[in-house]
Amino acid sequence: AHDLLTVTGLSVKLRTASGPATVVDDVSLAVAPGRILGIAGESGSGKTMTGMTLVGLPPAGATVTGSIRLDGRELTTLSEPGWAAVRGGQIAMVFQDPSSSLHPMLTMGRQLTDHMRRHLGLSRKAATTRSAELLDLVRLPDPKGALRLYPHQFSGGMRQRVAIAVALAAEPRVLIADEPTTALDVTVQAGIINLLDELRHDTGMSILLVTHDLGVISALADEIAVFYGGRIVESGTAAQVLGGARHPYTRGLLEALPRLSTETRRDGRGFVPIPGVPPTPGSLPAGCAFHPRCAHAAPACQESRPELLPLAEPPAWHRLACHVDPWRP
Ligand code: SF4
């Protein structure tokens with residue numbers, strides 16, 4: 001299938017107290033209809049900033065360059081009213097804290113119908129019917145009854161389902177889900193993971209799944225882009241990135257992944273966190289931003305920044321940005 005959302009050479013620069021900071025640096029991504037692209041990385045890696053920029057909400061004063069195309073239409077040149085129509089209409093977003101996208105003082109019925117009347121121009125009656133359908137689509141028990149409830153009357157997991165229903169109200173083509181399961185406990189997480197998987201099959205919507213949790217990404221993503229220091233350091237299909245990781249940082253994330261079945265990880269054995277801390281945007285190490293934490297660093301790693309280059313022929317491009325490539329076959 002052709003790509004629905006295509007991002008080319010996207011950069012976001014901020015002015016900070018300590019000078020200009022490039023928080024997203026030359027990022028290119030593409031996602032096809034019904035596919036899930038996992039965007040992995042620690043906090044400060046630029047993954048959330050990328051998500052916010054894709055809904056036209058970069059931080060105030062940011063300079064955005066590069067291209068964001070939705071079905072061929074360039075979005076970076078849109079005015080704020082143009083973005084407002086796209087945001088929530090064609091590209092919607094859900095967050096770690098579902099409360100941030102729900103109005104505390106309005107019933108769920110009111111929030112859903114308002115959203116649909118605004119974006120789809122439905123009558124109140126049609127919107128009410130559709131609202132109950134949406135709550136059913138996100139597997140909420142008693143959808144009709146739920147329309148009369150306020151956000152605080154739902155549990156955390158149910159509130160995230162409701163926030164997803166609001167995001168789906170205008171039938172978006174792309175859903176950007178930023179840490180959608182991070183605040184939830186493990187069993188509730190599994191429910192939301194299944195729900196996202198069902199929704200992309202049922203609706204054909206594309207999902208950008210932004211999370212530090214490679215476990216969630218491995219359960220859902222078709223393709224993966226690993227972010228570090230504002231750049232993509234490795235990308236490819238889920239099988240390539242999870243099964244044949246080539247970047248030392250991706251390897252580190254995989255080693256740090258706690259597996260429920262491996263009890264030894266609780267006492268530290270077998271569970272290997274990446275040493276050091278991620279860099280702060282604006283004070284990135286020279287050369288490869290990962291070099292202070294990398295066990296494979298060579299002299300070249302401190303001098304020049306490795307480019308993200310394809311490891312094989314298209315279409316299933318596995319890309320890597322590493323001078324050393326320690327796991328080259
Ligand atoms: Fe490590 Fe060098 Fe590769 Fe960076 S370029 S990940 S420092 S080996």
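Side-chain atoms are counted along with the backbone in the values below, which use heavy atoms only and exclude waters and symmetry mates. In this chain, numbering begins with 1 at the start of the sequence shown. For ligands, and for the atoms within them, numbers begin at 1 and follow the listed sequence.
If you check which protein heavy atom lies closest to atom 4 (Fe) of ligand 1, you get C288 SG, 2.3 Å. The protein atom (non-hydrogen) at minimum distance from atom 5 (S) of ligand 1 is H323 N, 3.3 Å. Ranking protein heavy atoms by distance to atom 2 (Fe) of ligand 1, first place goes to C301 SG, 2.2 Å. Nearest protein heavy-atom contact of atom 6 (S) of ligand 1 is H247 CE1, 3.4 Å.
When R293, H291, H296 are ranked by how near their heavy atoms come to atom 7 (S) of ligand 1, first place goes to H291.
Electrostatic pairing of R251 and E234 does not count as a salt bridge here, judged by no charged N lying under 4.0 Å from a carboxylate O. Salt-bridge annotation for E42 and K47: absent, with no side-chain N of the basic residue lying under 4.0 Å from a carboxylate O of the acidic one. Here K144 does not pair with E133 in a salt bridge; the nearest charged N to carboxylate O distance is not below 4.0 Å.
Atom CD of E307 is surrounded by 12 or fewer heavy atoms from other residues, nucleotides or ligands within 6.0 Å. For E313, the CD atom sits in a loose shell: 12 or fewer heavy atoms of surrounding residues, nucleotides or ligands are nearer than 6.0 Å.
When heavy-atom distances to ligand 1 are checked against a 4.0 Å cut-off, C294 comes that close only through its side chain, counted from C-beta outward.
Every atom of ligand 1 with a heavy atom of V324 under 4.0 Å away is listed here by number and element: 8 (S).
None of the N, O or S atoms belonging to C322 lies under 2.8 Å away from atom 2 (Fe) of ligand 1.
Aromatic ring pairs are classed by plane angle as parallel below 30°, tilted from 30° to 60° and perpendicular above 60°; the pair F290 and H247 is tilted.
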